Amino acid sequence: QVQLVESGGGLVQAGGSLRLSCAASGRTTFSTYPMGWFRQAPGKEQESVATTSWSSGRTYFAYYADSVKGRFTISRDPAKNTVSLQMNSLKPDDTAVYFCAAANRRTKDLLSSRTEYDYWGQGTQVTVTV
């Protein structure tokens with residue numbers, strides 16, 4: 001049974017940083033499966049933040065939503081089956097519950113739609129104050 005467990009959320013002032021981590025279990029490896037981060041703010045639909053898909057070796061393609069480009073960085077540790085999201089220069093608009101997601105098919109395509117992911121974590125709250 002695949003499980004995704006997020007950690008690292010919290011409360012931070014605008015301009016600050018947070019690092020989210022997601023540990024995946026239930027498979028021998030997740031290294032060649034797409035994984036990513038989504039978020040949902042109160043009263044809004046869930047949106048993609050950053051996703052990755054395997055390229056070759058330990059290299060991954062990455063997709064970023066326009067709203068986070070240049071501020072957020074997604075990374076993978078294939079040996080530990082983890083995906084992380086480094087968030088810098090945080091803004092109040094980044095306040096949301098952040099979810100880790102993993103797809104159930106191997107592909108090198110970048111998957112940015114929530115409908116393309118099969119497994120989800122429970123979410124971690126990120127609150128950015130002015």
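What you see below is based on every heavy atom in this structure, not just the backbone, and it leaves out hydrogens, waters and symmetry mates. Predicted model only: the values in this text are computed from it and were never measured. Residues: numbered from 1 along the sequence shown.
- Residues Phe61, Tyr63 make up the rest of the hydrophobic cluster containing Leu110, defined by ILVMFWY side-chain heavy atoms closer than 4.5 Å, directly or through other members.
- Under the side chain to side chain donor-acceptor pair (under 3.5 Å) criterion, Ser17 pairs with Asn88, sequence neighbours left out.
- Nearest heavy atoms, Pro78 versus Arg58: CG-NH1, 3.8 Å.
- Note that OG of Ser48 is 9.0 Å distant from CD of Gln46, once rounded to the nearest 0.5 Å.
- Cluster membership for Ile74 and Leu111, using ILVMFWY side-chain heavy atoms within less than 4.5 angstrom, is not shared.
- Screening residues 37-76 for disulfide (SG to SG under 2.5 Å), with sequence neighbours left out, gives no hits.
- Of the inter-residue distances, the one linking Thr124 atom OG1 with Leu18 atom CG reads 9.0 Å to the nearest 0.5 angstrom.
- Residues that satisfy the side-chain contact (heavy atoms from CB on, under 4.5 Å) test with Thr28, not counting sequence neighbours, are absent from this structure.
- Summarising the geometry, atom CE belonging to Met35 is positioned 9.5 Å from atom OG belonging to Ser84; distances are rounded to the nearest 0.5 Å.
- With sequence neighbours excluded, the residues forming a side chain to side chain donor-acceptor pair (under 3.5 Å) with Asp94 are Arg39, Arg71, listed by chain and number.
- Here CG of Leu85 is found 7.5 Å from OH of Tyr98. Values are rounded to the nearest 0.5 Å.
- Partners of Thr82 by side chain to side chain donor-acceptor pair (under 3.5 Å), not counting sequence neighbours: none found.
- Considering CZ of Phe72 and CG of Leu90, their distance stands at 5.0 Å, rounded to 0.5 Å.
- For residues 108-130, the pairs satisfying ring-ring contact (aromatic ring centres under 6.0 Å, His included) are Phe38-Tyr117, Phe38-Trp120, with sequence neighbours left out.
- Legend: salt bridge (charged side-chain N to carboxylate O under 4.0 Å, His left out) pairs involving residues 105-119, not counting sequence neighbours: none detected.
- For residues 10-33, the set of pairs meeting the salt bridge (charged side-chain N to carboxylate O under 4.0 Å, His left out) definition, not counting sequence neighbours, is empty.
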For residues 2-16, please give each side-chain donor-acceptor pair under 3.5 Å, one per line with the distance, not counting sequence neighbours.
from	atom 1	to	atom 2	distance (Å)
Glu6	OE1	Gln122	N	3.0
Glu6	OE1	Gln122	NE2	3.3
Glu6	OE1	Gly123	N	2.9
Glu6	OE2	Cys100	N	2.8
Glu6	OE2	Gly123	N	3.2

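- Between the side chain of Asn81 and the backbone N or O of Phe30 there is at least one donor-acceptor pair closer than 3.5 Å.
- Put simply, Val68 and Phe99 are part of two different groups of oily side chains (I, L, V, M, F, W, Y) that touch within less than 4.5 Å, one to the next.
- Its side chain within the 4.5 Å cluster rule, Tyr60 clusters with Trp54 among the Ile, Leu, Val, Met, Phe, Trp and Tyr residues.
- Applying the side chain to side chain donor-acceptor pair (under 3.5 Å) test to Ser113 and every residue at least two apart in sequence or in another chain returns Thr115.
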